[in-house]
Amino acid sequence: MPNTVIVGAQWGDEGKGKVIDIYAKKADIVVRYQGGNNAGHTVVIGKDSFVLHLIPSGILHRGKVCVIGNGVVVDPKALLEEIATLESKGIKIGKRLLVSRDAHVIFPYHRKLDELREAKKKKIGTTKKGIGPCYADKVARLGIRFVDLLNEKVFKDKLNENLEEKNPVFSRIYNVKGYSFDELYEEYSGYAGRIKKYICDTTVFLNESISKRKSVLFEGAQGTLLDVDHGTYPFVTSSNSTSGGASTGTGVGPNKIDKVIGVVKAYTTRVGEGPFPTEFSDDLMERIRTKGKEFGATTGRPRRCGWFDSIVVKHSVMVNGIDEIVVTKLDVLDDLDRLKICTAYKYDGCVYKDFPSDIEVLSNCEPVYEELPGWNRDTTGITSYSRLPKSAKNYLKRIQKLLSVKIALISVGSERKQTFSNE
Ligand code: GDP
Ligand code: IMO
Ligand code: MG
């Protein structure tokens, strides 16, 4: 299989876990390149449902090597818990998990800062996992990587430096207690001891593997519209969830990546705050949320739902260089009489056919819709494109035309077998 990046083309939760699980079968290595345990990737195998937060979804396939790349921010406590949960479900991890020595480590002060900022009126609606504060430290060159954690002297110095700066912020700005050096040092030295066996130079591992013609699947987390550069800033996550992040977040050059696949939900969802031009009104919101089981896999929060937005996905196709898409959750639209697709935004006398980054425009624009007939038929048992109702085919054809990109696979349920190609 060519080295492939799989990215979310909307606001996350597109069904990447399911799609990665399908493609992982043909790959040798699966690597996460950004984000952290803010992600929740669901893979359903028969009666078992797994939600992966940090460990690549390929771990469920025996024999696949899974890598947490340098671009990921890792909460060691969450990682150890995830390993334990998987092992308790009979998944053997052994030497199949590698963690980059250069990945930055999330500390309790990151989680606390995230939580305190979210308590303010102007919140982002984060997962409160400490992702943003950890990436902020990375960019401010204050961050602590696994390689630092494993070096007693360096770890002590860096932890001291961090607490000297952070504790006064907690006490003076937020009026809460700061953190004790000794407690954090002990807790994190303990994690380091337990995680050490997974830590290595994953950049060398990945590049050597590619030289030996092994194939790598890059597992994107979040979605394009949550990308810190290309998303609905500031209502985004703090990493590059787009395909470019696959290179910086692993140390694999872009010329070694052969293909980019975008995962696209047949409608749109988002969790947390921020603009969402095609958001449903209350009645439809409830119907689709219930049918699509649209509740966060990480936080359990109800997801906001809306019509398919071709402006958003066209933007994703461009900024990721998407070669083909996988359309998921088509079945969730089964009961609707009519469907809408957004093809433009109108704001203040202007018509936008390209994604506007002005938050004012995004928050107040009026979507321009095209209407299509629904199919009013259960599609969950369908196993080939030819058996789809005509209106469902037309809906997919219209999406394909608007995006000028090929649909590779269609998904009509959470199970592996509820997937077929567009032929
Ligand atoms: P991810 O973060 O992109 O991996 O997506 P999540 O796992 O957060 O959310 C997607 C949800 O939709 C999961 O519960 C999946 O099991 C489920 N799912 C995936 N594909 C389909 C589909 O085609 N139809 C339905 N009904 N559910 C799906
Ligand atoms: P997966 O990989 C959906 C959203 C949060 C919030 C914003 C910032 O499962 O698709 P953060 O905690 O990252 O600082 O929160 O990003 N968010 C996600 N939304 N799916 C995700 O991941 C998300 N990860 C973060 O809800 O709006
Ligand atoms: Mg998710």
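We count ligands from 1, going down the list as the structure has it; atoms in each ligand are counted the same way.
In terms of protein heavy-atom proximity, atom 13 (O) of ligand 2 is nearest to Thr237 OG1, 2.6 Å. Nearest to atom 19 (N) of ligand 2 among the protein's heavy atoms is Leu226 CD1, 3.5 Å. For atom 24 (N) of ligand 1, the closest heavy atom belonging to the protein is Asp331 OD1, 2.8 Å. Among all protein heavy atoms, the one lying closest to atom 10 (C) of ligand 1 is Asp13 O, 3.9 Å.
Although no hydrogens or angles enter the test, the distance criterion places no donor-acceptor pair under 3.5 Å between the side chain of Thr237 and the main chain of Gly132. At least one donor-acceptor pair closer than 3.5 Å links the side chain of Thr203 to the backbone N or O of Thr250.
Taking a cut-off of under 4.0 Å to the non-hydrogen atoms of Lys16, the atoms of ligand 1 that pass are 1 (P), 2 (O), 3 (O), 4 (O). Below 4.0 Å from some heavy atom of Val236 lie the following atoms of ligand 2, by number and element: 7 (C), 8 (C). Heavy-atom contacts of Val412 reach the following atoms of ligand 1: 23 (O), 24 (N) (cutoff under 4.0 Å).
Residue Asp13 has at least one nitrogen or oxygen atom sitting less than 3.5 Å from a nitrogen or oxygen atom of ligand 2, judged on distance alone. An N or O contact shorter than 3.5 Å is missing between Lys128 and ligand 2 by distance.
Ion pairing between Lys77 and Glu81 holds under the 4.0 Å rule for side-chain N and carboxylate O. Between Lys158 and Glu161 there is no salt bridge, since no side-chain nitrogen of the basic residue lies less than 4.0 Å from a carboxylate oxygen of the acidic one. Ion pairing between a basic and an acidic side chain is recognised when a charged N comes within 4.0 Å of a carboxylate O; Lys89 and Asp48 show no such pairing.
Nearest to atom 9 (O) of ligand 2 by heavy atom, out of Gly35, Gly40, Pro133, Gly132, is Gly40. With distances taken over non-hydrogen atoms, the option nearest atom 10 (O) of ligand 2 out of Gln34, Lys16, Arg301, Arg32 is Lys16. Across the listed options Gly220, Ala266, Gly413, Gly292, Gly413 owns the non-hydrogen atom lying nearest to atom 22 (C) of ligand 1. Taking each of Gly125, Gly272, Gly274 in turn, the one with a heavy atom nearest to atom 5 (C) of ligand 2 proves to be Gly125.
Ring pair Tyr109/Phe170: centre-to-centre distance not below 6.0 Å.
Between Ser238 and ligand 2 there is no heavy-atom distance shorter than 4.0 Å.
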